[in-house]
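Note that the coordinates shown come from a computational prediction; the quantities given were computed from them, not determined experimentally.
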Amino acid sequence: MVTVAIYKPIELISWNNLKLNDLSYEIVKLDKNQAKVKFKFIIQSEQNTAVEINFNQKIITQKLTKGINHFSIDETIHNPKLWWPNGMGEQYLYDYQFKIKQGNEQIFKYLKFGLRTIELVKEKDEVGSRFYFKVNRVPTYMKGANYIPQDNFVSRVSKNDYEKLINSSVEANMNMIRIWGGGIYEDDYFYELCDEKGLLVWQDFMYACAFYPGDQDFLHNVKQETIDQVNRLKNHTSIALWCGNNEIDEAWKNWGYQKQMGWSKQDSLSIWKDYQTTFHYIIPNVLDSILPKSENRYWPSSPSVGWGRKESLTQGDSHYWGVWWGMEPFETYEKKVPRFASEYGFQGMPTLKTVKSMFSEKDTLSKNSAIILAHQKHPKGWETINEYMQRDYVVPTDFVQYNYVSQLLQARGIQLAIEAHRRAKPYNMGSLYWQLNDVWPVTSWSSLDKLGNWKALHYQVKRSFENVLISVEKEENVYKIYIVNDLLKDLKGKVKFSIIDFNGNKRWTNDKDVIISSNSSTKIMELTDEILKGTSSTKAFLRIEFESNGEKYSRNYFFEKPKDLALTKSTIKIKKISHNQFEISTNVLAKDVYLLDENNQFDDNFFDLIPNESRIISGKNTIQNLKIYSLYDTMNVKNQ
């Protein structure tokens with residue numbers, strides 16, 4: 001099946017005397033009082049003439065000579081409104097319409113853009129070299145994921161698909177999406193949504209995991225592709241970075257292709273020269289020729305150093321695959337923290353509804369069915385999932401429960417990674433997990449499955465990417481409590497600590513007044529195993545609550561792995577509030593509550609339900625066939 005061909009609109013462009021070849025803008029100056037913007041025109045004229053340019057209630061006359069004309073118009077915006085990434089402020093966009101008139105001939109062009117500055121900081125420090133972004137001069141922690149095409153047949157992706165995916169990213173508190181170099185340059189509508197919703201875009205050029213030709217025809221194609229795509233995308237406020245390729249530098253230095261392919265020294269020198277020509281000469285030179293200096297942020301290859309080398313944790317960006325590919329325990333994420341994590345991940349099954357879409361009605365759901373096995377393309381995928389599941393969970397035999405636990409496993413691993421990254425701020429300034437979405441119904445690293453449903457991972461990401469995060473790091477018998485504050489204001493308040501057993505009884509309490517600086521990660525307390533005196537670590541958890549300026553934040557920390565918790569059967573009560581909303585409560589701890597309604601998505605799911613507390617849960621549709629699971633259901637005698 002041919003999945004790629006000419007699939008976008010084909011146009012026949014004609015003109016009489018005028019053709020607008022390009023209109024772009026440059027932010028020359030930006031402060032709280034004014035913005036100075038330069039609009040740059042490239043107009044092709046068939047004669048010596050003059051045109052009238054009408055915009056923003058201004059009329060400007062411009063002389064043209066026959067041929068290509070380059071000129072600019074300066075605009076001053078007083079008291080400018082800044083554009084901010086999601087979670088930091090408003091995504092204000094200025095909307096300009098230009099009317100270019102010559103006689104009876106008129107050309108219309110629209111520009112919609114935000115006023116913001118972005119800087120990629122790569123300065124050396126005492127450890128290695130920093131890698132982070134400043135937005136409007138503010139060091140900004142990047143929270144997000146890697147994006148791949150939404151369908152194997154890219155022409156099937158609709159505007160609704162784009163909206164659903166971008167909205168799900170925003171709801172999960174993301175502020176950056178990396179467009180992976182093994183996919184496609186996305187549709188204009190994708191970038192328009194990112195502009196509107198405050199999602200910065202790390203844009204790979206479409207080269208990944210392979211070595212490319214260096215003949216003149218191919219290099220000419222590379223140059224023209226770069227020119228076309230940069231010109232198409234340069235006016236989007238959301239573009240934060242242009243990256244040459246995905247993992248080719250790492251492949252050359254770490255993957256042993258030279259030996260595997262039997263390349264001679266001359267072969268190797270030739271291939272490496274071709275690589276440098278494309279990614280260190282052609283692409284950056286095109287960027288230099290098109291983009292103003294303030295918008296020219298280029299990174300030749302992601303990652304800058306392979307994950308097997310110690311430098312990958314001290315400089316540049318990192319793709320850390322010791323977990324999953326290296327079979328290292330999830331806890332390794334807490335020890336191996338890079339400067340900017342641009343890839344890492346773990347697999348989980350899609351939602352039950354998406355799994356069922358693989359089957360016909362007569363088929364029986366089974367993990368060992370040929371259909372399930374065909375929808376797992378990693379050669380050791382199931383082997384890897386099972387190995388990790390045995391480490392942390394009781395492995396269920398029931399298919400629905402296995403599906404549920406596989407999602408919990410994925411969420412647990414990525415939670416440990418994200419929180420280790422964020423605690424390390426400002427040493428680490430970005431966490432982009434692999435991956436956001438899927439091209440087909442499959443067991444994979446995604447947090448959104450092919451139908452756009454939220455897996456347990458996406459719900460966890462929403463919690464782990466909140467602007468204010470309470471996190472716990474364990475070192476031997478010491479528990480270090482952090483509050484990460486991505487807000488641009490200090491937080492002052494009281495933190496309450498409690499040891500609560502699974503029946504809801506408080507066994508120990510303490511509190512502390514704190515001030516958490518803006519845009520920081522602060523260790524607020526160290527606790528020892530003394531807090532568990534007289535209480536079993538398998539039957540209690542640490543509850544941390546923080547209140548500041550009327551806002552409440554909380555975290556439950558469990559001392560043991562899920563499989564070692566002494567959970568008891570809970571009685572979960574549901575009280576209907578409206579057609580799509582209900583109140584949920586429990587008599588004893590219900591761990592990882594799973595609300596299963598195949599035709600619904602809830603505002604929260606896979607959460608811990610605490611005794612003596614209740615939650616209000618909202619669905620996007622009418623709640624009809626709700627089933628409720630908790631981790632206890634997977635740990636009963638039958639499954640053991």
Chemist: Would you tell me whether Y553 and E466 have side-chain atoms, one donor and one acceptor, within less than 3.5 Å of each other?
Modeler: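 No, no side-chain donor-acceptor pair sits under 3.5 Å.
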Chemist: Answer with yes or no after comparing the ring centroid distance for Y344 and H421 against a 6.0 Å cut-off, counting only values under it.
Modeler: yes
Chemist: Taking atom types as modelled and ignoring hydrogens, do the side chains of Q435 and S446 form a donor-acceptor contact shorter than 3.5 angstrom?
Modeler: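 The criterion, which ignores hydrogens and geometry beyond distance, is not satisfied for S446 and Q435.
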Chemist: Where the side chain of K81 meets the backbone of Y92, is there a donor-acceptor pair that is under 3.5 Å apart?
Modeler: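 Absent.
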Chemist: Within the 4.5 Å heavy-atom criterion, are I516 and I524 side-chain neighbours or not?
Modeler: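 I516 vs I524: side chains touch.
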Chemist: Please check: side-chain N/O of D592 versus main-chain N/O of L631, any donor-acceptor pairing under 3.5 Å?
Modeler: no
Chemist: Which atoms form the tightest heavy-atom contact between N146 and R178, and what is the distance?
Modeler: OD1-NH1, 2.7 Å
Chemist: Using 4.0 Å as the upper bound for N to carboxylate O, is an ion pair formed by K506 and E545?
Modeler: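 Looking at E545 and K506, the cut-off is not met.
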Chemist: Do R339's NZ or CZ and the ring of Y427 fall within the cation-pi criteria of under 6.0 Å and 45°?
Modeler: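 The answer is yes, since R339 meets both limits relative to Y427.
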Chemist: Cut-off 3.5 Å, side chains only: do N428 and Y132 have a donor facing an acceptor?
Modeler: no
Chemist: I'd like to know if the side chain of S342 pairs up with that of D317 as donor and acceptor (distance under 3.5 Å, no hydrogens or angles considered).
Modeler: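 Per modelled atom types, S342 and D317 side chains form a pair under 3.5 Å.
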Chemist: What is the minimum heavy-atom distance between E247 and H319, and which atoms define it?
Modeler: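 So the minimum-distance heavy-atom pair works out to OE2-ND1, 2.7 Å.
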Chemist: Where does the angle between the aromatic ring planes of F602 and F582 fall among parallel (under 30°), tilted (30 to 60°) and perpendicular (over 60°)?
Modeler: perpendicular
